There are 2 protein chains.
Amino acid sequence: MNKLALSNQLCFSVYAVSRHITSLYRSILEELDITYPQYLVMLIMWEQSEVTVKQLGEQLYLDSGTLTPLLKRLEQKELIIRERSKTDERSVIVTLTELGRSKREHAKCIPENIFKALNISPEEYYSIKNQLDSILKNK
Amino acid sequence: MNKLALSNQLCFSVYAVSRHITSLYRSILEELDITYPQYLVMLIMWEQSEVTVKQLGEQLYLDSGTLTPLLKRLEQKELIIRERSKTDERSVIVTLTELGRSKREHAKCIPENIFKALNISPEEYYSIKNQLDSILKNK
DNA sequence: ATTAATTTAGTTGCGCACAATTAAATAGTG
DNA sequence: CACTATTTAATTGTGCGCAACTAAATTAAT
């Protein structure tokens with residue numbers, strides 16, 4: 001087998017599926033007027049009311065070079081507030097606005113819609129997820 | 001189960017693994033002085049000596065907005081040549097330079113190195129690949 | 001043959017990703 | 001306490017990714 005062939009590479013499949021998923025989210029998130037990376041931040045905010053940029057970065061595997069401008073855009077949309085910690089001014093604490101909190105209701109149906117669009121069984125869904133997560137654990 | 005939790009979403013796993021893989025390639029491809037998307041183009045060129053931008057786009061699921069500047073960078077590195085088709089001047093035909101062709105040898109070990117870095121079994125590798133490819137087929 | 005529709009790349013603009021650097025605040029050490 | 005090291009965000013620069021639009025060439029239809 002030719003390992004230098006696109007069709008034989010897992011990496012390309014991951015890359016292609018990742019962009020495919022982002023495009024599925026693009027149409028679904030249009031209504032919320034946010035992008036997929038912004039949605040990921042909102043997912044965290046809906047679970048944890050107060051998070052630093054560092055903590056967001058740890059959970060999303062993203063650095064401040066990506067997060068700082070992204071968070072500024074979410075702030076402009078008035079979904080979040082960014083403010084320096086009073087106790088440690090190196091940290092920036094992110095909290096939800098009332099508007100941001102209210103968006104959670106509109107987002108509830110998104111996972112189900114994405115799942116339907118993927119067009120796979122629940123078994124496949126969790127099988128793929130577990131195997132990918134094991135790659136992340138090994139890194 | 002809370003479907004609005006990051007940890008329960010296949011999509012985030014795909015997104016995270018995709019970026020992880022790109023970062024693995026980044027260090028390996030440093031030697032060839034190309035990026036991962038540029039490497040994907042080179043993979044195709046090494047198999048097919050003459051390809052149009054449209055054909056590259058079909059195989060990589062990328063449009064001209066991404067490919068045109070990427071191909072210009074590969075041309076600046078003198079790995080490829082871009083020229084309008086004589087028979088249909090709407091098309092741009094991409095071919096390898098001698099330098100570009102010669103890089104194939106240096107790239108031969110890359111798939112094996114990436115596989116080792118992923119730290120999974122061949123069975124897992126092909127299992128994940130097949131399941132992801134079925135998602136792409138369903139789209 | 002003329003006009004209309006389609007195909008193909010290129011351009012522009014925006015939002016990630018991420019490396020590398022900078023700046024400020026805090027923690028650690030003698 | 002001084003001063004060094006570490007932590008944390010922000011900034012800068014490069015390269016995707018993709019939507020929307022433009023321009024040019026080709027094809028189809030009348």
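Each chain gets a letter, A, B and so on, in the order its sequence line appears, and its residues count up from 1. Here the structure is a predicted model, which is why all the values come from computation and not from measurement.
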Task: A:Ser127 versus A:Glu123, side-chain donor and acceptor atoms under 3.5 Å - done: no
Open item on the list: Side chains of B:Gln59 and B:Gln48: any donor to acceptor distance under 3.5 Å?
Closed with: yes
Open item on the list: Taking CD in B:Glu78 as the centre, count heavy atoms belonging to other residues, nucleotides or ligands within less than 6.0 Å. Is the count above 12?
Closed with: no
- [ ] Give B:Thr52 one of three labels, base, sugar-phosphate or nothing, depending on what nucleic acid heavy atoms sit under 4.0 Å from its own.
- [x] sugar-phosphate
Open item on the list: In this structure, how many angstroms lie between the P atom of C:dA19 and the OH atom of B:Tyr25, rounded?
Closed with: 17 Å
Open item on the list: Once rounded to the nearest 0.5 Å, what's the spacing between atom OG of B:Ser49 and atom CZ of B:Arg101?
Closed with: 8.0 Å
- [ ] Hey, could you give me the CD1/OH distance between B:Ile21 and B:Tyr36, rounded to the nearest 0.5 Å?
- [x] 7.0 Å
Task: Crowding at CD, A:Glu83 (>12 non-hydrogen neighbours, <6.0 Å) - done: yes
TODO: Report yes or no: do B:Ile93 and B:Leu71 belong to one cluster of Ile/Leu/Val/Met/Phe/Trp/Tyr joined by side chain heavy-atom distances under 4.5 Å?
DONE: no
Task: Distance in angstrom units between B:Leu62 CG and C:dT8 C1', rounded - done: 16 Å
N/O-N/O pairs, protein side and nucleotides 10-16 of chain C side, under 3.5 Å:
{"from": "C:dG10", "atom 1": "OP1", "to": "B:Arg82", "atom 2": "NH1", "distance (Å)": "3.1"}
{"from": "C:dG10", "atom 1": "OP2", "to": "B:Thr68", "atom 2": "OG1", "distance (Å)": "2.8"}
{"from": "C:dG10", "atom 1": "N7", "to": "B:Ser64", "atom 2": "OG", "distance (Å)": "2.7"}
{"from": "C:dT11", "atom 1": "OP2", "to": "B:Lys72", "atom 2": "NZ", "distance (Å)": "2.8"}
{"from": "C:dC16", "atom 1": "OP1", "to": "A:Thr35", "atom 2": "OG1", "distance (Å)": "2.6"}
{"from": "C:dC16", "atom 1": "OP2", "to": "A:Gln38", "atom 2": "NE2", "distance (Å)": "2.6"}
{"from": "C:dC16", "atom 1": "OP2", "to": "A:Arg73", "atom 2": "NE", "distance (Å)": "2.7"}
{"from": "C:dC16", "atom 1": "OP2", "to": "A:Arg73", "atom 2": "NH2", "distance (Å)": "3.1"}
{"from": "C:dC16", "atom 1": "O5'", "to": "A:Arg73", "atom 2": "NH2", "distance (Å)": "3.0"}

Open item on the list: Given 3.5 Å as the limit, does a donor-acceptor pair link the side chain of A:Gln9 with the main chain of A:Lys3, or not?
Closed with: yes
Please tabulate, one pair per line, each protein N/O and nucleotide N/O from nucleotides 27-29 of chain D that are separated by under 3.5 Å, including the distance.
none

Task: Protein-nucleotide distance (A:Lys54, atom NZ; C:dA25, atom C1'), rounded to Å - done: 15 Å
- [ ] Quickly work out the B:Gln76 CD to D:dG15 C1' distance and round it to whole Å.
- [x] 13 Å
TODO: Write down the distance between CG (A:Leu56) and P (C:dA17), rounded to a whole number of angstrom.
DONE: 14 Å
- [ ] Give one of base, sugar-phosphate or nothing for B:Ser27, where a contact means two heavy atoms less than 4.0 Å apart.
- [x] nothing
TODO: Using whole Å, report how far CD1 of B:Ile21 lies from P of C:dC18.
DONE: 13 Å
Open item on the list: Could you see if B:Ile81 belongs to whatever hydrophobic cluster contains B:Ile34? Use Ile, Leu, Val, Met, Phe, Trp, Tyr and a side-chain cutoff under 4.5 Å.
Closed with: no
- [ ] Provide, to the nearest angstrom, the distance between the NE2 atom belonging to B:His20 and the P atom belonging to C:dA17.
- [x] 17 Å
TODO: Looking at every strand, decide which applies to A:Ser18 at a 4.0 Å heavy-atom threshold: base, sugar-phosphate, or nothing.
DONE: nothing
- [ ] Starting from C1' on D:dT14, measure out to CD on B:Glu30 and report it in whole angstrom.
- [x] 15 Å
